[in-house]
Every structure is written in structure tokens, then in C-alpha cells.
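First the structure, in the form of C-alpha cells, and then the observations on it.
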Amino acid sequence: MVAGMEQEVADLFRALDTDGNGVLTFDELGNVLRVLGVAEADIDLMARSMDTNHDGMVSFDEFLRWTYSQPAWEKELLRGASLLPTRCMDRGRVEEVLRRIATRVAAAGSSFEALFQVGDSDRNGFMSWEELQQLIQSLEPGLPFEVVRAIYHELDKDMNGWVSLREFCAALVRVQPEAPGGASISDDAALRQVLDTYTPSAEEVQRREICLLVLDMRPKVQSLYQTLQAQGLLAEPPPSFTWKNVREMSFQDLQGEERWLQVTYADLHDKSAKATSAVARRSFQTLVGGQDALTMAESSILGVAGDYGLNFNRKFHLQQLGPPTDGHLESAREATKARIANELGLIHFGDSARCIRRWPPYYNTCKLFIDKSPNAAIGTSAPGGPNLLGRYDGVCVQAYADFDRTWQSISGNVYPFWVLHMAAINVGELGSYADYSDFSARPAGGLDEDLYLSAMGRIFDNMVVATVTLGSEHLILYPFGLQGSLRHLRDSDPRYADEMVTQRLRRRVATRLVQALDRVDPRLSVHLSLDGAEGEAKQNADAFIRALLDCSAGTKARITIWPNSDVLQLAAELAATSTNVLVLNETSRRLLGSYWFGGCDRAAVDENLHRRCWTLASLSYLLNNFDADRAAALPSRGQDDLRRTVEWLGGQ
């Protein structure tokens, strides 16, 4: 979490802490929320959801976690409460500061519009809180924070979080001092003309945008031409690049050049990407072998220095990964079980989920994504029977990490992230080929690969929908669908006894997942956790690297490969600077987290996420409607069981 965001929460906390003792009592929260018109029942619910250790008070750490885990309206409600003192501040103090600023503008012979342009550092036509704060403090050093904040709210008349040019100028005009002779500065013809015309016409706005785009694109196009010429990839010499002054160009000429730059840049970028991809593929195949090679050659690509045109972050490459011994795993698992029982108010871990006496953190932020297409009703796709989760559905929860990559307890602040539980098509997990019958070819039998890949593609596409719905900034993936769900496919279809046949299927699955990433929001950063050490992990890494080498340049740019990384630690570190981190977790349709509370499988990502993350495990406990007496022989589920549980929790 960036320092500025935490400072904002700290300021909010101090404003609500009326007696200054460092904690918030329920009375302190209630007093200010009643002024805002919040119902008594909602006040109590909000206070108790913050008080995670149930001591009847809210510490700053509890408040910080809650602030970044709740819906926006609740955060804005408390933000409004914290601003009550500044809104009630003597307006004379605010007007005094604004009057001094207006006087300085007049004395300098400048205009309010020019001052606004200085503050609008990103040139988007508005000043954010940060931009206004920087401008005011540069003009009035040492001004108390409360006064600066009051000025911000005085200027932001429409309360949309931004100060427009009109709002800024209107406030300064209202308080400006009189000029000699009793005439207002606004009587000055030149200044009045600026104030009367500071709102540009639609064409002027469009012209400005095109000018900025043209000036941004020109050096990029020129640089690409020079690069491709040096590589001998141009069929004809580049143009002379004698650019016209944009201020002297007509609107039509600007539009024409903007279109030419866009088309030319796209064409040159495509040529460059294809050339880079071809070089990368040749280098990669030298190392790992061609398409007929089972996997990478002697050294793993995840450990070599070259990046083969892809983005690698080898921060964790030589670090220890996993628990030092099975004893560490068992200890963490038992600690998590004990904490769940204690935090939920259960007598024993394994008591019915409906017997809880306390809610875990983030219980009411669960989100259920239900696929309502015709495919969701085919075969065993729908939830029900042994399955809690629909084949194409997903359920998303918030959690934070308790143990790091070496299974040591994490100390200090912890930050929440999202986990999206989805199930891969299970056609090869030992002892349970739950989905195989829906994807076997008729009448000869054997896996229908095209049908299987189509279904996996639907899961990946639904994952993309979830990232958009959640507004994710970071998506963390590991080899989804390439692990247990394919491991023993050979037992049902003898063709896959040939490792090369299985490896080609892995590559097709990885390619389909990467294709889905072509449709994510371009602002989303994708993080791929790979372990290419040996065996199956090495084959999975091979499949994804090959898929990435063939994807579009835009998708390549968004994806970072993290060799030897730990999904949970990566999520925890990214969550320290972003509130919208999402982990895609491959889970079981029957039981979220599978049997994390029992066995000690060191390689099972789903189980290990739950063993090291009590908040995640406790929410799965509730969503599974867990009861130890029924866990060994899973109950028959109703189609709406999961939806009803999410509603019971207050989720969506």
C-alpha cells in the first residue's frame, strides 16, 4: 500500500478518534454516523465488522484492513464523516488564503487560468486532490493540512472529487481584492476576457487532444523507422521526417496526420513484433528443441539470463520455496484450523458452519459469478449432486496471507487481495475422473480434445469477465488446468501414455489461456508464476513459454513471468501497493480448498493457499457449509446451495 493511501486512512482515523486515545470506540463511530443519517442497525454492523479481535474497540490496523476491504459507499460515508470538521471550519480562514493567492496572481500580471494550468500537472482539464494540495502548499508553505483540505472542499462545488477550471476561477474571482480606485480586478478587460472564455469549445478541446497525440506519436514512429531500417527490415527508405509546427496546421491537416501516424505506427510495430518473435523463437528452440521436443533441454529457460522477447522477473529464482520440512506444513495447517475455530466462535474445528458465533473478515464481500449460457446445463456442468460449484462458475473472496514462501509467519501489516476460485475440467485426477464422461468421443471413446479445449476456453473467458467486473489491476496465474486434472489421463485414454501426446495437449491448454488474456483490460498487469525445476512443473513451464512466444505483442507486454515464485507471497507483495490484486485459484468443484485440513500434499497449490491463509480457509469453511461429520462422504448439493450461502453471508 503506498504511503499516500495509508496517510489518507490515518488522517481519517484521527478525525474520527475524538478523544485522541488511538482507538475508536463504538460510541465514537456511532456519534458521527448518526449525524450522517446512518441507521442504528447499520452502525452496529459496520463497527463489528471492523472489530476483528472482538475487544469492543477498533484499532488503526483493524481500521486500515477494513477500509480497503469494504464497498466504496461505506468508505465514502466515513470519509464524509472525517470532513465534517473541515466543512464547519470558519470560511473566513479559507477565503483569506484564496484572497492572498488571487492578489499574487494580479500582482504578477497573470491569470487564474494560467495558475490552474500550473496545478493541472497531467493536463486532463481537472485538478485532483493531490494536484491541488501540491499547488496550494507551493504557494502557501506551512499551511496546515486541515486548511488545505478545507480549500479543496470549498472549490469542489459539485463534490465529484475533482476541481474544474470553472470552479477554480469562480472561487478566486469571488474573493479577489479591489484594484486601486475601487475597481475590481475583474473589470480589467484582458482578465475578464480570459475568465469569460476559459471554457474551450468542443473543436478546441478536440484540436488540443489531437495536437498532444501527434506530438507524442511523432518520435515513436521515427524511432521505429530507424530501428527497422538498422535491422534491414524496410523495403524502402523512411520519409524525411520534416515535421510541421502543429500550431500552424489547420484542423483538417492535424486530423490527417494523426490518422497517418496511427496507421503507420501500428504497421511498423507489427513488423517489429514479428521480427522480435521470430528471433526469440529461434533462440528458444535452440535451447529447448522444436515442437517435437518433449520439454526444455538441459537447462531450464526459467533460470537462464536471456528473456527471449518475454518479460521475466527473477527476483525469487534462487530463494528457498516451500516448507523446510513436513513438520512446518503440519504446524501451519493445525495453527490455521485452531484460529478458524477461535475466530468463528466454534467449539471445535469441524463443527457445522451454521454454528459460528462470529464472522470472519471480508465475509460480506464474496462475489459469485454464474454462467447462465446453455453450456452450463450440459452433462454434469450444473452445480448439484456432489458438486458445489458449477463447471463454468467462479466464486471470489478477499483474504490476506499469514505465512510467507518458506512457511514462516508474516509479521507487520498485511493487505487483502482477491482469490477467484474456479475449477478446471477434471479428466485425469487420480481416482476421480469426474468430468471425463462429458468429454469422451462417441462411440469410439477417448478424450475429445476439441470439446475439452472449448470448455476450458469458456472457463478462461469467464475468468476475464471476473477481472473486468472486479476492476482488477493485477492478475496472478499459475498453470491452471495443467496439473492434477490431466495427470492420470492415460488411465482412461491409452493415447496419453505417450508423454509427447500429453505435452501437446498441455500446450493447447496454455495457448487457449493466453488467447483469453488478449481480451483483458489493457491496463491489467498479468503475473505468471512458473516453476520449471523438474518433471510436470518443467512440462507446464514449457507449455506456457511456447504459448507466450506466439501471442500478440500487446499481451506479451502485459505479462511478467516469475520463476520459482510463490503465488501467495506474490499476491501479498502486490497487495501492499494495490487494492485490486486477483489470484486465479484452481479448486475442486466439490469442496473449495479440497481437503487442506487433512493431508500434507506439498505441491497442491489450492490446499496450501488455505493452509497458509486463515481468512481464505475460514471463508471456504462457510461457503462449503462445512461439517466434519459429512466431509468424508460429501453431501448431495442442491443447485442453489452456493448462491444461497453467498446471500447468507451478505455477498453478491
Side-chain angles (χ1 to χ4, degrees), residues 1-13 60-76 78-79 122 124 128-131 161 311-313 315-316 361-362 365-367 369 394 396-405 410-422 463-478 480 517 519-529 554-562 565-585 609 612-613 615-616 619 652:
M1 188 175 297
V2 295
M5 294 169 67
E6 190 163 331
Q7 181 60 49
E8 183 181 0
V9 178
D11 294 335
L12 175 55
F13 184 85
F60 175 69
D61 284 344
E62 288 174 323
F63 188 73
L64 181 66
R65 291 178 191 169
W66 181 90
T67 302
Y68 290 99
S69 67
Q70 298 303 304
W73 72 268
E74 293 192 5
K75 289 186 283 187
E76 290 304 315
L78 284 183
R79 193 187 306 271
D122 59 7
N124 69 348
S128 65
W129 153 245
E130 291 79 7
E131 289 172 326
N311 301 317
F312 283 85
N313 189 318
K315 171 182 177 179
F316 303 112
Y362 322 122
T365 64
C366 301
K367 300 183 187 299
F369 296 90
C396 201
V397 300
Q398 279 187 294
Y400 58 81
D402 300 311
F403 296 92
D404 65 15
R405 60 185 284 116
I410 295 175
S411 58
N413 292 333
V414 290
Y415 305 97
F417 47 84
W418 290 95
V419 177
L420 175 61
H421 296 297
M422 299 188 81
M463 174 267 295
V464 170
V465 171
T467 67
V468 174
T469 303
L470 294 168
S472 304
E473 296 174 353
H474 298 276
L475 171 64
I476 301 175
L477 304 172
Y478 57 90
F480 187 99
L517 296 177
R519 294 186 286 279
V520 300
D521 188 319
R523 294 167 295 184
L524 177 71
S525 297
V526 181
H527 306 268
L528 180 58
S529 176
T555 300
K556 275 194 186 81
R558 287 196 295 274
I559 298 177
T560 300
I561 301 168
W562 297 78
S565 58
D566 175 74
V567 170
L568 193 58
Q569 178 149 350
L570 187 55
E573 292 187 5
L574 290 172
T577 57
S578 171
T579 58
N580 288 299
V581 176
L582 176 65
V583 176
L584 176 62
N585 177 48
L609 288 177
R612 297 164 54 206
C613 188
T615 44
L616 179 66
L619 290 168
Q652 300 175 354

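What you see is a predicted model; the values in this text were computed from it and never measured. Heavy-atom basis, side chains included; hydrogens, waters and symmetry copies ignored.
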- State, with a plain yes or no, whether a side-chain heavy atom of V583 is found less than 4.5 Å away from one of V567. yes
- Residues passing the side-chain hydrogen bond (donor to acceptor under 3.5 Å, both in side chains) test with S565, sequence neighbours excluded, are S529
- Would you say the side chain of F369 lies within less than 4.5 Å of the side chain of M422, judging by non-hydrogen atoms? no
- Task: Not counting sequence neighbours, which residues clear ring pair (Phe, Tyr, Trp, His ring centres under 6.0 Å) with F480? List them please.
- Result: F460
- Start with the C-alpha gap between T579 and Y415, add the side-chain angles, then the distance that decides, and say whether side chain to side chain contact (heavy atoms under 4.5 Å, CB included) holds. CA-CA 8 Å; T579 58; Y415 305 97; over 6 Å; no
- Message: Using a 3.5 Å distance criterion without hydrogens, assess whether the side chain of N311 forms a donor-acceptor pair with backbone atoms of I559.
- Response: yes
- Between CG on residue D402 and CD1 on residue I410, distance to nearest 0.5 Å: 7.0 Å
- Message: Please enumerate all residues that pass side-chain hydrogen bond (donor to acceptor under 3.5 Å, both in side chains) together with H527, with sequence neighbours excluded.
- Response: H474, W562
- Message: List the residues meeting side chain to side chain contact (heavy atoms under 4.5 Å, CB included) with A572, not counting sequence neighbours, and say none if there are none.
- Response: A401
- Query: Taking H421 as the fixed residue, which of L616, L619, L609 is the one that meets the side-chain contact (heavy atoms from CB on, under 4.5 Å) rule?
  - Reply: L616
- Task: Flag the pair M463 / L517 as yes when at least one side-chain heavy-atom distance between them is below 4.5 Å, and no otherwise.
- Result: yes
- Query: Can you find a pair of side-chain heavy atoms, one from V397 and one from L420, that are under 4.5 Å apart?
  - Reply: no
- Item | V581, L582, V526 screened by side-chain contact (heavy atoms from CB on, under 4.5 Å) with I476, the one that passes | V581
- Task: State which residues pass side-chain hydrogen bond (donor to acceptor under 3.5 Å, both in side chains) with D404; sequence neighbours excluded, sorted by chain then number.
- Result: T406
- Message: Looking at every heavy atom in both Y478 and N585, which two are closest together, and how far apart are they?
- Response: OH-OD1, 2.8 Å
- Are the side chain of T469 and the backbone of V465 linked by a donor-acceptor contact shorter than 3.5 Å? yes
- Query: Which distance, rounded to the nearest 0.5 Å, do you find between the OG of S525 and the CG of L475?
  - Reply: 10.0 Å
- Item | Point-to-point distance, once rounded to the nearest 0.5 Å, from OG1 of T615 to OH of Y400 | 5.5 Å
- Nearest heavy-atom pair of Q569 and F316: which atoms, and what distance? NE2-CE2, 4.4 Å
- Residues that D566 engages under side-chain hydrogen bond (donor to acceptor under 3.5 Å, both in side chains), provided they are two or more places apart: R612
- Query: Is a side-chain N or O of R523 found less than 3.5 angstrom from the main chain of S472, in a donor-acceptor match?
  - Reply: no
- Task: Decide salt bridge (Lys or Arg N to Asp or Glu O under 4.0 Å) for R405 and E573; before the verdict, give the C-alpha distance in whole Å, the side-chain angles of both, and the deciding distance to 0.1 Å.
- Result: CA-CA 11 Å; R405 60 185 284 116; E573 292 187 5; over 6 Å; no
- Task: Could you check if a side-chain atom of T365 sits within less than 4.5 angstrom of a side-chain atom of W418, using non-hydrogen atoms only?
- Result: yes
- Item | Atom pair CD1/NZ of I561 and K556 - distance to nearest 0.5 Å | 10.5 Å
